[in-house]
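Notes follow the structure.
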Amino acid sequence: MEEQYHPEKVEQEAQQYWEKNDSFGVTEDPSKEKFYCLSMFPYPSGRLHMGHVRNYTIGDVISRYQRMRGKNVLQPMGWDAFGMPAENAAIKHQVPPAKWTYENIDYMRTQLKRLGFAYDWGRELATCTPDYYRWEQWLFTRLFEKGLVYKKTAPVNWCPHDQTVLANEQVIDGCCWRCDTPVIRKEIPQWFMKITDYAQELLDDLDKLEQWPERVVAMQRNWIGRSEGVEVHFGVKGHVKPLKVFTTRPDTLMGVTYVAVAAEHPLAQEAAQNSEDVTLFIARCETMDVSEASIETTEKLGMDTGLKAIHPITGDEVPIYIANFVLMAYGEGAVMAVPAHDQRDWEFAHKYDIAIKPVVYPEDGSAPDLTEGAYIEKGVLRNSAQFDGLSSADAFNAIADHLETGDKGRRQVNFRLRDWGVSRQRYWGAPIPIINCDKCGSVPVPDADLPVVLPEDVIVEGTGSPIKKMPAFYETTCPTCGGKAERETDTFDTFMESSWYFARYSCTDNNEAMLDERANYWLPVDQYVGGIEHAILHLLYARFYNKLMRDIGLIKSDEPFSALLTQGMVLKDGSKMSKSKGNTVDPQALIEQYGADTARLFTMFAAPPEQSLEWSDDAVAGAHRFLKRLWKLVHDHVEQGEVGAVDVSSLAGAAQALRRQVHQTIAKISDDIDRRQTFNTAIAATMELINAITKLKGESDEERAVIHEALEAAVLLLSPIVPHMTHTLWHALGHAEPVIDAAWPAVDEAALQQDEVEMVVQVNGKLRDRIVVPVSADKDTVEQLARASDKVAQHVSDKTVRKVIVVPGKLVNIVAS
Ligand code: ANZ
Ligand code: ZN
């Protein structure tokens, strides 16, 4: 082997070997345990950033490790290729989005290959190809038949000047990003997927995700937002139909002093017919930002409708207000207001001078303090007639029972989760496979006519999607009646493509079906790796899609991802690397200067995967120096010629100690990589091992044999992290087979056995000496040996020993005074 480490040459050789032998191409093998490792696929933005390098190195280390463990490992890669940046680039550089996207894919593919990731490139997919999205269109038409998709009007951001729909990112301070015209809300028909039908299962199955970060599970749980409560029916004076409200606190029912409805509620609309003020107020509400995010902080505003609600238990009349904090899309679009026990209601009541009636008291019987705000805790009921004295929990049931008996309400479960709006009025996405016919309504495109191909050779202007201006695309005939009809020109939300790609990797070559039996071999994904920014939407949609595909009979698993690892951010000077901050480091430059192995080693060594990683030039240089040292060590060792096998029976002293460290290191690193997923501590342990190897002189055959074993272990243990260099070193150490086909080293339990052990000796908690004692020594012997130490004796000579604590194998503490 060469004396100098030349990463470029070494890396090229290894990569050529893998490519030539299709080393990472896999097929289904029922006789082997499978392992499916998936990293979230990139958006082809142009070039890789350090976040990608980190994400993909983590996935690659896990994949290569599992392969050495004898598993049949699938690690695929592809492109999340639809989306807005391609349209923006198209406008800016006058190139069709498709061309821009495919060029980026080509460049980024070479970058991934240069990093040496063990992907099965034979399964590569790009979501913008008709081969891919045709199955998404096909599934959508199946769901249409099952009633799991539907059309309804929903608001979009509309620029009246450019006559175009704007994505949220294109609305800047309420104005169009291009022409600065104030943006208005426009209601247009759009497609929705009934994810709410799966709300309960999506919630329940979170319990199965034991290998997901708790934080992500909690975020999903909150997003789904299940609440148990009661739908209460208030009468409305002069009306037949009752007003329904949803409450999670029926125990506060006797404290209701008004009822509030959303501006879009039918009662508000009715009141508007008789009052100019109400009409103006409703119009004002429409321009206000009443998104759920801002509801807590925006000022509570309202207007009395003049209508009266009748309390379902007391029969008292209470005013009905319109309030901006009531959302039409949640519950019934109306609330029973209890200002004494709900903070929003309290603020509102103060503002509009409405009575505040406490009905829930602290358990100690004191009166709740309502001067600064509402008393929101649970407690014991007062001022509540027959319910007085009940705890909040008992009152929940008593009041719910009472309402149900009198037909004035019923127990109800509500979810915060809304149906998923999948229509986008953009060009660069998968066309929605629907034909709109004046006579027949929405008709799904028949299977035989799929895919509906998105024309790729287009000019994109700033205003609106080009396919909306292309009669050749949208003019068609109705599949049902044969009459003239028009295609849907909206495209799918790009979250659609990323919701099922994990399954498609199992059979990218299938042109007859979305999925086949191979999906059941590979799924679920054993390890998913990606950013925390996808903790809610992407993961929820993928879980939903998985269940849809299961219920259509395509797959058997309930959940798509058994284990999830969310890697931390890559920082520079303490803040997130980003183009806008101008603090990015281009991985390409890093690779060119030091090679892929250094880039991989640095990203894995600098921090545990879940934590943020701070970029450091010094640490990169340090990682590189370490690799050079290892190279030289192996070089110098093999230069000295052949070694024999280790004769375990005659091993003693330093050689025996090194061999023990080798096997301790194997045990530790296996645990670090497998269970703890702390690759940084695994690398640190290998570094210690390398230090220990250099300390052993290698003067006898026996020592050289132990060094050889130690170097082999170090090379194997590092091979998932720095696969190129170890490819060469493994051959240099005398192996014909490539290191990727070597087995993960096994721990020799016998080597771990120790005759002697070093123990720390403390006097009154202060470290005074270290002693070596036989492993078999009992407590008394250890104590004797400790007290025999000169350094220890010095510190106890003028004192009386009060107590001696021995922690076997670790420490002796002598308490003396
Ligand atoms: C009376 C009450 C008294 C309430 C009290 C709370 C505390 P979650 O837990 O998120 O489900 N609410 C119901 N529908 C609403 C809507 N469309 N817009 C805004 N708020 C609405 O929240 C349920 C609670 O949110 C309900 O319980 C209701 O206020 C309010 F001391 O009813 B509560
Ligand atoms: Zn028709």
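Counting starts at 1 for both ligands and their atoms, in listed order. For this chain, numbers begin at 1 and follow the sequence in order. Just so it is clear, the values below take in all heavy atoms, side chains as well, and ignore hydrogens, waters and symmetry mates.
- Stacking of Arg416 on the aromatic ring of Trp223 is recorded, both the 6.0 Å distance cut-off and the 45° axial limit being met.
- When the options Leu253, Thr247, Thr252 are ranked by their closest heavy atom to atom 32 (O) of ligand 1, first place goes to Thr247.
- Geometrically, Lys151 does not engage Phe192 in a cation-pi contact, judged by NZ or CZ lying under 6.0 Å from the ring centre and within 45° of the ring axis.
- Close approach of ligand 1 to Val326 is summarised as follows: ligand atoms under 4.0 Å from at least one heavy atom of the residue are 16 (C), 17 (N), 18 (N), 19 (C).
- Protein heavy atom nearest atom 12 (N) of ligand 1, with residue, atom name and distance: Val335 CG1, 3.2 Å.
- Scanning for ring pair (Phe, Tyr, Trp, His ring centres under 6.0 Å) contacts around Phe561 gives Phe502, Tyr528, with sequence neighbours left out.
- Tested against Tyr258 for a ring pair (Phe, Tyr, Trp, His ring centres under 6.0 Å), the candidates Tyr321, Tyr352, Trp346 yield a single pass: Tyr321.
- Considering only non-hydrogen protein atoms, atom 11 (O) of ligand 1 sits nearest to Tyr330 OH, 2.3 Å.
- Applying the ring-ring contact (aromatic ring centres under 6.0 Å, His included) definition to pairs two or more places apart or across chains, those involving residues 363-387 are Phe387-His402.
- Using a 4.0 Å cut-off to heavy atoms of Leu327, the atoms of ligand 1 that qualify are 16 (C), 17 (N), 18 (N), 19 (C).
- The single protein non-hydrogen atom nearest to atom 6 (C) of ligand 1 is Asp342 OD2, 3.4 Å, given as residue, atom name and distance.
- Atom 24 (C) of ligand 1 has its closest protein heavy atom at Thr248 OG1, 3.8 Å.
- Taking a cut-off of under 4.0 Å to the non-hydrogen atoms of Met336, the atoms of ligand 1 that pass are 1 (C), 32 (O).
- Side chain of Lys186 to main chain of Asn157: no donor-acceptor pair is present (N/O by atom type, distance under 3.5 Å, no hydrogens or angles).
- Among all protein heavy atoms, the one lying closest to atom 19 (C) of ligand 1 is Phe325 O, 3.4 Å.
- Both the sub-6.0 Å distance and the 45° axial angle are satisfied by Arg382 relative to the ring of Tyr361.
- Residue contact annotation: Val338 has a non-hydrogen atom under 4.0 Å from ligand 1.
- Residue Gly331 places every heavy atom at 4.0 Å or more from ligand 1.
- Phe495 and His538 have parallel rings, their planes meeting at less than 30° on a 0 to 90° scale where 60° marks the start of perpendicular.
- Ranking protein heavy atoms by distance to atom 25 (O) of ligand 1, first place goes to Arg344 NH2, 3.6 Å.
- Residues Tyr150 and Phe144 place their aromatic rings such that the two centres sit no closer than 6.0 Å.
- Here the protein heavy atom with the shortest distance to atom 13 (C) of ligand 1 is Phe246 O, 3.3 Å.
- When only non-hydrogen protein atoms are considered, atom 31 (F) of ligand 1 lies nearest to His341 O, 2.8 Å.
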